[in-house]
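Read the structure below first, then the notes.
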Amino acid sequence: MIRLYDSARAAVAPLEPRDAGRVSIYLCGPTVYDLPHLGHGRHALVWDVLRRWLTFTGLQVRFVSNITDIDDKIIARADAEHVGEEAITATYEAAWWAALDALGVARPDEAPHATAYVEAMVDLIEELVDRDVAYELDDGVYFDVSSVTDYGLLAGQSLESLRSGARVETNLLKRSPLDFALWKNAKFGEPSWASPFGPGRPGWHTECVVMSLGLLGDGFDIHGGGLDLKFPHHENERAQAVALGRHFASHWVHHGWVMVGEEKMSKSLGNFTSLTDLLAQTDARAYRLLVLRSHYRSPIEVSPATMKDAERALARLDALARRFELAPLAGATLEVAASVEWSEEGRALYDVVAAAMENDLDTPAAVAVLFEALTRANALADEGDEHRARSLAEAVAACFAGLGLRLVAAEAALDDESADLVARRDQARSARDWASADRYRDELVTLGWIVEDGPTGTVVRRG
RNA sequence: GGCGGCGUGGCCGAGUGGUUAGGCAGGGGCCUGCAAAGCCCCGUACUCCGGUUCGAAUCCGGACGCCGCCUCCA
């Protein structure tokens, strides 16, 4: 079974699924008030890779990722644009899914919306009040963090040291600056729901407790998100569950951030902040490869240079697919390794990749192994060992499929002009008219093709 | 102030007590009409100072530098 770093234990620990053969994952999704950025993209990719890999190895994964569609920022944006909150959330949720689709990230099994769970949240808050771990103030209901003895577990700090570091005070009546809002009373014009505490809306930290426990049940396996959610969001989620006597997530997994490098983000770098913009100007698979080539807990630098690097590496993978005419494997569907017919060397490769993956999702090691195998497959083919070369190449593609990266062999469709140039060049070459052949090649290059001479003659592809 | 992370060859980026990470870029060679693709060879890195050890990039201590969290955030 895979071993993953658990933020609660501050150590790598084996994942011990509640139900054998099944893994339940709850992921904190986006608040839909703006376009997704590169960080969201990495986030989505990291979890897509984990989910796909677990599925690939034969586990049955139930993957839930929520949409936060009620929040202060949504209200603020709706106000600023003089539209309803639903207009904002509809727009940006659509943008979210569009970006994930473009990244080749599989949709969650369920994507619950916070607004559909308000009643359940109210019930939960009432129970917390009944248990005397929450209290009402003029502007809402607050959770009393001192009621949870190990508050600060995820942050790795004591309640006292967290308190001493608190910087922002929003409500001086709170018993502790760390106490957080469970319910916010509605101000004039704000969207609201009825509750025993008066009309208002839930605080952010409650929705994930209700939805994760509601959909996945007590003791679900993995709760994940970005490192920035560890505290206070996840800490606060956990506090509520603990206060209720519920068994919450057994494994907490957090990933690192996207850095925009020392060049700092600026317009001159080409708007490299929005995921939508990145996807418009590069192959989404290159971003996945970039993400795979660093460890999920490390920061990654996304810049034109690192993207270019990834694109070139990706080109080698596609070249392998072309050489062996590999069929596409990964896509919207989740591949299962059990259905892959491994050759002997393919199975050996898979075992090494799997060992890397099980070691806290060591994708960089897995990718390194796959690149070595790629070189070996090409070398075997050069030596004429077509059979072993092919089986190894197929295994490389299958393993990448397990990581959600599709190798593309497909040629772009030729327009008439290009097709004509290709025919002329082949003619010139068979007549050993190198000058003409080179001229036609130059023309094809000018049209944006990369020109190669294969056994069947001129082959072109898009660069 | 508290807590945590990081500093690796031109660049990106793993690793973790002794054996080649890997990729990109660069140099040389093979192949090719010339290329492209592919293959082979090449750089001998680990912030600094001490210490532990037969042996440290890897463990311990210290210094310097960088970053993050403690407030909304993937």
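Residue numbering restarts at 1 for every chain, and letters A, B, ... go by the order of the sequence lines. Predicted model, so just to flag it, every value in this text is computed and none were measured.
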For this session: Would you kindly say whether Asp309(A) and Thr306(A) are connected by a side-chain donor-acceptor distance under 3.5 Å?
Result: no
Exercise. Over how many whole Å does the gap from His234(A) atom NE2 to G4(B) atom C1' extend?
Worked result: 17 Å
Tabulate atom names and distances for all N/O pairs under 3.5 angstrom spanning the protein and nucleotides 20-27 of chain B.
from	atom 1	to	atom 2	distance (Å)
G23(B)	OP1	Arg316(A)	NH1	3.4
G23(B)	O2'	Arg293(A)	NH1	2.4
G23(B)	N2	Asp309(A)	OD2	2.6
C24(B)	O4'	Asp309(A)	OD1	3.3

Exercise. Using the C1' atom in both, what is the distance from C41(B) to U20(B), to the nearest Å?
Worked result: 13 Å
Problem set entry | Glu190(A) with Arg201(A): basic N within carboxylate O range, under 4.0 Å | yes
Exercise. Is it true that Asp48(A) and Arg52(A) have a side-chain N and a carboxylate O under 4.0 angstrom from each other?
Worked result: yes
Seminar exercise, completed: Residue pairs meeting ring pair (Phe, Tyr, Trp, His ring centres under 6.0 Å), one or both in residues 221-240 of chain A, sequence neighbours left out, come to Tyr26(A)-His223(A), Trp204(A)-His233(A), His205(A)-His233(A), Phe220(A)-His223(A), His223(A)-His234(A), His223(A)-Phe248(A), His223(A)-Trp252(A), His234(A)-Trp252(A), His234(A)-His254(A)
For this session: Return yes if the base of A74(B) and the side-chain atoms of His37(A) contain a donor-acceptor N/O pair under 3.5 Å, otherwise no.
Result: yes
Exercise. Of all the base pairs, Watson-Crick or G-U under 3.5 Å, which form stems of three or more consecutive pairs involving RNA chain B?
Worked result: B:1-7 with B:64-70, B:10-12 with B:22-24, B:26-30 with B:38-42, B:47-51 with B:59-63
Exercise. C70(B) base to Asp228(A) side chain: any donor-acceptor pair below 3.5 Å?
Worked result: no
For this session: Assign Gly256(A) to base, sugar-phosphate, or nothing according to its heavy-atom contacts below 4.0 angstrom with the strands shown.
Result: base
Seminar exercise, completed: Nearest-nucleotide check on RNA chain B, Asn359(A) vs Gly454(A); residue mapping nearer the 5' end is Asn359(A)
For this session: Please determine if Arg285(A) and Asp283(A) form a salt bridge, counting it only when a charged side-chain N lies under 4.0 Å from a carboxylate O.
Result: yes
Exercise. Side chains of Tyr142(A) and Leu173(A): does their closest heavy-atom pair fall under 4.5 Å?
Worked result: no
Exercise. His255(A) vs His43(A) aromatic rings, parallel, tilted or perpendicular, using cut-offs 30° and 60°?
Worked result: tilted
Please tabulate, for the side chains in residues 148-155 of chain A, all donor-acceptor contacts under 3.5 angstrom to protein atoms that are two or more places apart in sequence or on a different chain.
from	atom 1	to	atom 2	distance (Å)
Asp150(A)	OD1	Arg238(A)	NH1	3.3
Asp150(A)	OD2	Arg238(A)	NH2	2.7
Tyr151(A)	OH	Asn236(A)	ND2	2.5

Distances for protein N or O near nucleotides 56-58 of chain B N or O, under 3.5 Å:
none

For this session: Using only heavy-atom distances, decide whether a donor-acceptor pair under 3.5 angstrom links the side-chain of Arg163(A) to the base of G1(B).
Result: no
For nucleotides 5-9 of chain B, which of its nitrogen or oxygen atoms have a protein nitrogen or oxygen under 3.5 Å away, and what is each distance?
none

Problem set entry | Whole-Å P distance, U52(B) and U58(B) | 15 Å
